[in-house]
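Down below is the structure, laid out as structure tokens.
In the text below, chain A, chain B and the rest are named by the order of the sequence lines, each starting its count at 1.
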Amino acid sequence: MSDTTDIKISTRDFDLFYGGKQALRGITVDMYRNHVTALIGPSGCGKTSFLRALNRMNDLIDGVRIAGTVTIDGVDIYDRNVDVVELRKRVGMVFQKSNPFAKSVYDNVAYGPRVNGIRDRARLDEIVERSLRSAALWEEVKDRLRDSALGLSGGQQQRLCIARCLAVNPDILLMDEPASALDPLSTAKIEELIFELKRNYTIVIVTHNMQQAARVSDYTAFFYLGELVEYNRTETIFTNPRQKQTEEYVTGRFG
Amino acid sequence: MWIREEWEGQTCGGETMSEWQTHEAGERIVPRPYAERFALPDERTGNGWPSPNRFLRHRPLAGKKRFDFGEFAAEYVIRGIALLSICAIFGIFYYVFQESRWAFRGGGESVQETAGAGSRGNENAQAASGAGQEEEIRPQTYGLPETAGESAAETGASGVSREADAIEEGRRTSLHSETSGNDEPVTLERLLLPNDIIDNEPRYVWQPISVVPKYSFVPLFVGALKVTLVGISIAAPVAILAALFMTTFAPRWLREIMKPAIEILAGFPSVVIGFFCLITVASVIQEITGATYRLNALVGGIGMSIAVIPIIFTVVEDSLSTVPRHMREASIALGASRWQTAWRVVLPAAAPGVFAAVILGIGRAFGETMIALMATGNAAQVSWNILESVRTMSATIGAEMAEVEFHSVHYGVLFLIGTVLFVVTFSLNAFAEFVVRKRLIKRFQGR
Ligand SMILES: Nc1ncnc2c1ncn2[C@@H]1O[C@H](COP(=O)(O)OP(=O)(O)OP(=O)(O)O)[C@@H](O)[C@H]1O
Ligand SMILES: [Mg+2]
């Protein structure tokens, strides 16, 4: 594996509870800078919970408790001195279900920059255009920037959410099934985009599509029932996994 | 049994509905028919019918239709009640509207009435002579005989209780008795244009009980507007901010206490609020502002806001909590603070509801009577100073309707005020509902 200085995110014995129900048990994992890490595993195994733990979105849910540590760039993000708002600017998130605001396409993308104090019209225009181009959406929406984002198709909304996230210039991108609602063409675009983005970002992506995980990721983590069963280079996970469960899952005969 | 055959033919027969069966490592995955995998023993047919529900049997599509009398009756009862309530609302409106015709006709019946009541005080005498004039001008305005009888009966019933007031009014008006009194029907001019000159300035005066009654709508309308504006400009921000706080910042335990507490306030008797304003708020306000008049538009407005806050709060809170959670999360995840999220995402997304809530509040404040009656000082004057006493439209009805002569001009004018109140609140709500709300929904939901 890589040199330890390249570790961007690292968790140690991380547990997460929803009320009395434990959703994650003892997750210990290091994720590397400028690499794509894929999280795979059957539905309900805790991928989303883990992803949301990385930018503390779980704080918004009543009754969530955690144990263990998550460090980003060597800082324990659950420390009391950490500014959560600042953390979330650094760690952007694309949600499993696309969630544009009830605003125009333009205002959706400009929202992040605006709350971060960018008011200048020309700068906003530039940010919006570049973000939309990065998310492979510009050509489709350039004539309807003023229309409500809720009028876009599901796939367009998903890409809009990606664009919105890129517009705040995060270091880390957390993507929860970003291509689950997309057609193969847009999926390919998103995958290319991820490939491009990893030069500048550290990306963690949840996917149910094994081919996609194999195509886009450098490392893959297999979760099962709230535990991290196996974590390794993607080639290793897909060609020569150590655990039987992993092999069964990636070859599609999990049972 | 035709349905089963249909199903089998369509889906369960071959490979049409199949799952990928898993085999040994390396082997190709082979689909297996659906019916085979779910082969449940079926009592009826003995074959592998896969439905998980063997208790529900379908009736033929083209057979006798089911008739459930209970359902049928319930539907018609509900329909009838709904229609009835709509009719009742329009019926009340029609009654109020048509009673206001007396304002434009003059007190034809008051002649008989006052005669029957025994000509008490100057005012009644004036009314009688006014009616006399009226007769010369527009003889056709005399009501039908049965209306007159009705009104006489009515006065007989309530006459005793009004005696004290009549004496009191009589004393007041007797000062002006040398001018010839009249009970002329009002015209729009008399309602809306300056109707008096004091200190060489045209004035709008509401003096229904005087030798020359003056019915200017303007001070009442201005009064109602002032109290409503004061009330709503306190209530709307407070209620909206409270609702925002409750949905975004408050911890759950606080929310569970505060929300019902504020909603219970909505059912608070307004007479208690009026009482509270009259005694406590008025003193505090006078202390702070040094107002000349203890009861004024500000005190009344504060009372209104107490009455209106729970209403606005409830509606705003409802519409804020319908803003999907994931929209909030999207904003938080972009590094917006909770305040920015509430202000820039949640509130705009709930804008139609917030708007409707404020309109509802305005309507309520405009029509609120008891608080206006108790806390505003009830002096009909035109001024934009909120520290002066005012009299609102609804308070005027509340104060004067019990003492007015049946079918007099004054009576008609009070009903006219009622009509205006009705129309104003109705059109406010209609505006909220049909124009702005639809447009906002379109803007915010991309439809
Ligand atoms: N807000 C919540 N409150 C209580 N339990 C929750 C909550 N969110 C998730 N869980 C539980 O935590 C477990 C993990 O859920 P999570 O959403 O992380 O699964 P997932 O791996 O993302 O599944 P999927 O692939 O279907 O998205 C599940 O058992 C789920 O029921
Ligand atoms: Mg998930």
Interchain contact, A:Leu166 with chain B, by part (heavy-atom threshold 4.5 Å): neither
Contact part of A:Arg114 toward chain B, heavy-atom cut-off under 4.5 Å: side chain, backbone, both or neither? both
If one checks every heavy atom of A:Arg56 against chain B at 4.5 Å, the contacting part turns out to be neither
Given heavy-atom pairs under 4.5 angstrom as the criterion, report whether the side chain, backbone, both or neither of A:Asp147 touches chain B. neither
Against chain B, label A:Val168 side chain, backbone, both or neither, depending on which of its atoms sit under 4.5 Å from a heavy atom there. side chain
For B:Met327 versus A:Ala102, what's the shortest heavy-atom pair and its separation? CE-N, 3.7 Å
Under 4.5 Å to a heavy atom of chain B? For A:Val94 that would be neither
Taking the side chain as every heavy atom from C-beta outward, state whether A:Ile61 and B:Arg325 have any pair of such atoms under 4.5 Å apart. yes
Derivation and outcome, side-chain contact (heavy atoms from CB on, under 4.5 Å), residues A:Phe95 and B:Glu329: CA-CA 9 Å; A:Phe95 291 81; B:Glu329 290 196 334; 3.6 Å; yes
Heavy-atom closest pair (A:Lys89 atom, B:Gly335 atom, distance to 0.1 Å) is CE-O, 3.2 Å
Identify which part of A:Pro100 has an atom lying under 4.5 Å from any heavy atom of chain B, answering side chain, backbone, both or neither. backbone
Work out which heavy atom in A:Arg88 is nearest to a heavy atom in B:Ile332; give both atom names and the distance. NH1-CG2, 3.1 Å
Which region of B:Arg328, side chain (C-beta onward) or backbone (N, CA, C, O), has a non-hydrogen atom less than 4.5 Å from a non-hydrogen atom of chain A, or is it both or neither? neither
Smallest heavy-atom separation, B:Ala330 atom then A:Phe101 atom, equals CB-CE2, 3.8 Å
What heavy-atom pair brings A:Tyr111 and B:Arg344 nearest, and what distance separates the two atoms? CE1-CB, 3.8 Å
Tell me, side chain or backbone of A:Asn116 under 4.5 Å from chain B's heavy atoms, or both, or neither? side chain
Greater than 12 external heavy atoms within 6.0 Å of B:Phe249's CZ: yes
Shortest non-hydrogen contact from A:Cys165 to B:Leu334? CA-CD2, 3.9 Å
Check whether more than 12 heavy atoms from other residues, nucleotides or ligands sit under 6.0 Å from atom CZ of B:Arg255, and answer yes or no. yes
Return the option, out of A:Met93, A:Arg52, A:Lys97, with the maximum number of heavy-atom pairs under 4.5 Å with chain B. A:Arg52
